[in-house]
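Everything on this sheet refers to the single structure shown next.
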Amino acid sequence: MSTVVEDPPLPTHLQLEITSACNLRCLMCLVRYRPPVNKLAGAMAPELFDRIVADVPGLRRLTLQGLGEPLLSPYLADMIDTAVGRGITVGFNTNATLLHRRRAEELVASGVDWLHVSLDGARAAAYERVRDGANFDVVVANLAGLVEAKRAAGSATPWIRVVFVAMRDTVAELPELVRLLGRIGVDELHVQNLSHSFSDADPAGRYAEIREFTADQALWAGVDTDRAAALFGEAAAVARETGVRLRLPHPGAAPAAPRTAGPGCSWPWDAAYVTSAGVVQPCCMVMGDDRVRLGSLDERSFPEIWHGEEYRRFRRRLAGETPPSVCRGCSLYRRTF
């Protein structure tokens with residue numbers, strides 16, 4: 001950016017963590033390394049949700065997810081209804097363990113625009129090791145039931161995308177997973193790298209375990225790059241055969257983006273992330289509201305925070321030569337996500 005826009009218009013996209021509670025303890029998720037959260041205590045209050053939506057009148061896209069499992073929120077249906085009623089495109093990511101057929105039919109009827117289902121393996125052993133607490137057969141059956149419910153309703157929505165987190169211990173499952181999704185009739189498979197290195201965190205602090213896990217498993221760490229590239233190529237060939245739309249990340253460490261290309265991401269100018277407790281953060285990749293906080297909705301309105309000095313300072317730094325430390329280890333910033 002030759003000229004840094006420090007005070008852009010209110011965003012058209014918000015990602016709201018409607019619950020911080022989860023029923024799984026996934027290896028690559030911060031939830032695993034924290035005490036469990038009760039689903040009622042972890043839910044974003046309806047009053048807070050309504051206030052946020054009302055304060056951003058130009059909102060066009062709403063993502064209802066964070067560290068928790070959205071299907072655990074007792075207010076999910078009402079939140080979707082509010083978004084649909086306002087003409088806002090809305091969707092969320094789910095682990096699908098609770099997505100039984102009746103729930104799938106309700107979601108299809110709700111008008112939700114997209115559903116992303118996390119599925120990190122093509123066989124039970126690999127998947128269940130990563131998604132601790134899940135049952136592979138149940139999740140696959142629920143995913144197939146969602147596809148069937150959509151077809152039975154003759155609905156174009158929700159767009160169904162499976163999300164696969166590529167790691168050294170899971171990437172070998174990818175070609176077989178593409179075949180499985182082709183048989184089920186899933187629209188798309190989105191493969192992504194681990195989101196963050198946590199290199200800004202104290203090696204001996206509260207993020208030590210997830211930092212060590214990421215260092216061991218991240219493809220962008222440069223280990224097993226040739227193997228990952230070969231498996232990505234095999235998966236792409238299977239996707240062409242089956243008609244599954246496939247998105248693949250860079251298989252290894254990507255070169256640093258030139259500064260003439262501007263900041264590594266556009267989140268602080270285009271969107272924002274809000275935790276279930278009302279803490280405003282610059283993006284969904286940060287994880288952990290103690291790592292960066294741009295304001296609390298208990299103290300100020302969203303527009304006041306968005307136009308405030310903390311946000312202005314963050315944008316200046318992100319667009320400059322010395323970005324915030326929390327951004328330097330982000331795979332989106334480094335263009336490897």
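The figures here come from the full heavy-atom set of this structure, side chains too, leaving out hydrogens, waters and symmetry mates. Fair warning: this is a prediction, and the values are worked out from it, not measured in the lab.
- In this structure, Tyr273 and Leu67 approach most closely via the heavy-atom pair OH-N, 3.8 Å.
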- When you look at Val90 and Val84, which way does the side-chain contact (heavy atoms from CB on, under 4.5 Å) test go after all the steps? CA-CA 7 Å; Val90 61; Val84 171; 4.1 Å; yes

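- Linking Ile, Leu, Val, Met, Phe, Trp and Tyr residues whenever their side-chain heavy atoms come within less than 4.5 Å places Ile305 and Met44 in a single cluster.
- Looking at heavy atoms from C-beta onward, Arg103 lies in side-chain contact with Leu76 at the 4.5 angstrom threshold.
- Minimum heavy-atom separation, Leu115 to Leu107: CD1-CD1, 4.0 Å.
- For the pair Arg291 and Tyr207, the cation-pi test (distance below 6.0 Å, angle within 45°) is passed.
- Looking at Glu304, its side chain does come within 3.5 Å of a backbone N or O of Ser301 through a donor-acceptor pair.
- With Trp267 as the fixed residue, the side-chain contact (heavy atoms from CB on, under 4.5 Å) test singles out one of Pro282, Cys284, Cys327: Cys284.
- Arg25 places no side-chain N or O within donor-acceptor distance of the main-chain N or O of Gly133, the cut-off being under 3.5 Å.
- Side-chain N or O atoms of Asn193 include one that pairs as donor or acceptor with a backbone N or O of Thr336 at under 3.5 Å.
- Remark: Cys283 SG to Asp270 CG distance equals 12.0 Å, nearest 0.5 Å.
- The cluster map of Ile, Leu, Val, Met, Phe, Trp and Tyr, joined by side-chain heavy atoms under 4.5 Å apart, puts Val37 and Val286 in different clusters.
- At least one side-chain heavy atom of Val165 sits under 4.5 Å from a side-chain heavy atom of Arg131.
- A donor-acceptor pair under 3.5 Å is formed between the side chain of Glu128 and the backbone N or O of Phe136.
- Looking only at distances, no side-chain donor or acceptor of Glu105 sits under 3.5 Å from a matching main-chain atom of Ala149.
- Other residues, nucleotides and ligands contribute more than 12 heavy atoms inside 6.0 Å of the CD atom of Glu241.
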- Message: With side-chain contact (heavy atoms from CB on, under 4.5 Å) as the criterion, how do Val280 and Tyr311 come out once you've worked through the C-alpha distance, each side chain's angles and the decisive distance to 0.1 Å?
- Response: CA-CA 10 Å; Val280 178; Tyr311 243 121; 3.9 Å; yes

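- Closest non-hydrogen pair, Val191 versus Ala166, comes out as CG1-CB, 3.8 Å.
- If you run salt bridge (charged side-chain N to carboxylate O under 4.0 Å, His left out) between Glu310 and each of Arg300, Arg315, Arg316, only Arg300 comes through.
- A pairwise comparison of heavy atoms in Lys150 and Ile160 identifies CD-CD1, 4.1 Å as the closest pair.
- At a threshold of 4.5 Å between non-hydrogen side-chain atoms, the residues Ser195 and Phe337 count as touching.
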- Apply salt bridge (Lys or Arg N to Asp or Glu O under 4.0 Å) to Glu148 and Arg101, showing your working. CA-CA 9 Å; Glu148 292 167 3; Arg101 181 57 184 264; 3.2 Å; yes

- Item | Trace of the salt bridge (Lys or Arg N to Asp or Glu O under 4.0 Å) decision for Arg34 with Glu209 | CA-CA 11 Å; Arg34 289 183 163 182; Glu209 289 178 287; over 6 Å; no

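- Atom OG1 in Thr19 sits 6.0 Å away from atom CG in Leu72 (nearest 0.5 Å).
- Within a 6.0 Å sphere centred on CG of Asp226, heavy atoms belonging to other residues, nucleotides or ligands number 12 at most.
- At distances below 3.5 Å, not a single donor-acceptor pair connects side-chain atoms of Arg61 with backbone N or O atoms of Thr12.
- One finds a salt bridge joining Glu176 and Arg123 here, because a Lys/Arg side-chain nitrogen approaches an Asp/Glu carboxylate oxygen to under 4.0 Å.
- Residues Phe302 and Leu14 approach most closely at CZ-CD2, 3.8 Å, considering heavy atoms.
- Between the side chain of Arg245 and the main chain of Asp187, no donor-acceptor pair closer than 3.5 Å is present.
- Residues Leu219 and Val163 do not share a hydrophobic cluster, defined by chaining ILVMFWY side chains whose heavy atoms lie under 4.5 Å apart.
- Using the six-membered ring where Trp is involved, His116 and Trp114 have ring planes that are tilted, between 30° and 60° apart.
- Residues Val130 and Val223 are members of separate hydrophobic clusters, defined by side-chain heavy-atom contacts under 4.5 angstrom among Ile, Leu, Val, Met, Phe, Trp and Tyr.
- Side chains of Gln281 and Asp289: no donor on one and acceptor on the other come within 3.5 Å.
- Residue Met287 holds its CE atom at 7.0 Å from SG of Cys29, rounded to the nearest 0.5 Å.
- Looking at Glu47 and Arg51, no side-chain N of the basic residue comes within less than 4.0 Å of a carboxylate O on the acidic one, giving no salt bridge.
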- Query: Taking it one step at a time, do Leu143 and Val140 satisfy side-chain contact (heavy atoms from CB on, under 4.5 Å)?
  - Reply: CA-CA 5 Å; Leu143 177 60; Val140 170; 5.6 Å; no

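- Side-chain atoms of His196 come within 3.5 Å of backbone N or O of Val326 as a donor-acceptor pair.
- Under the 3.5 Å distance criterion, the side-chain polar atoms of Thr63 are left unmatched by any main-chain donor or acceptor of Gln65.
- Between Trp269 and Leu318 the shortest side-chain heavy-atom distance falls below 4.5 Å.
- Thr242 has its side chain out of reach of Leu181: every pair of non-hydrogen atoms, C-beta onward, lies at least 4.5 Å apart.
- Looking only at side-chain heavy atoms (C-beta outward), Leu231 and Leu174 stay at 4.5 Å or farther from each other.
- Cluster annotation: Val5 and Leu294 are assigned to the same hydrophobic cluster (Ile/Leu/Val/Met/Phe/Trp/Tyr, side-chain heavy-atom contacts under 4.5 Å, transitive).
- Leu248 approaches Ala236 most closely through the heavy-atom pair CD1-CB, 4.3 Å.
- Looking only at side-chain heavy atoms (C-beta outward), Arg86 and Leu62 stay at 4.5 Å or farther from each other.
- Between the SG atom of Cys26 and the CZ atom of Arg32 there is a distance of 8.5 Å, given to the nearest 0.5 Å.
- Within the 4.5 Å cutoff, no side-chain heavy atoms of Pro74 are placed close to those of Lys39.
- Note that the CG atom of Leu71 and the CG atom of Leu64 stand 11.0 Å from one another [nearest 0.5 Å].
- The only option from Cys22, Ser118, Ser20 that meets the side-chain contact (heavy atoms from CB on, under 4.5 Å) definition with Glu69 turns out to be Cys22.
- Note that CD of Gln217 and CD1 of Ile210 are 12.0 Å apart. Values are rounded to the nearest 0.5 Å.
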- Task: Given side-chain contact (heavy atoms from CB on, under 4.5 Å), test Leu27 with Arg129 step by step and report yes or no.
- Result: CA-CA 8 Å; Leu27 295 181; Arg129 191 180 69 80; 3.6 Å; yes

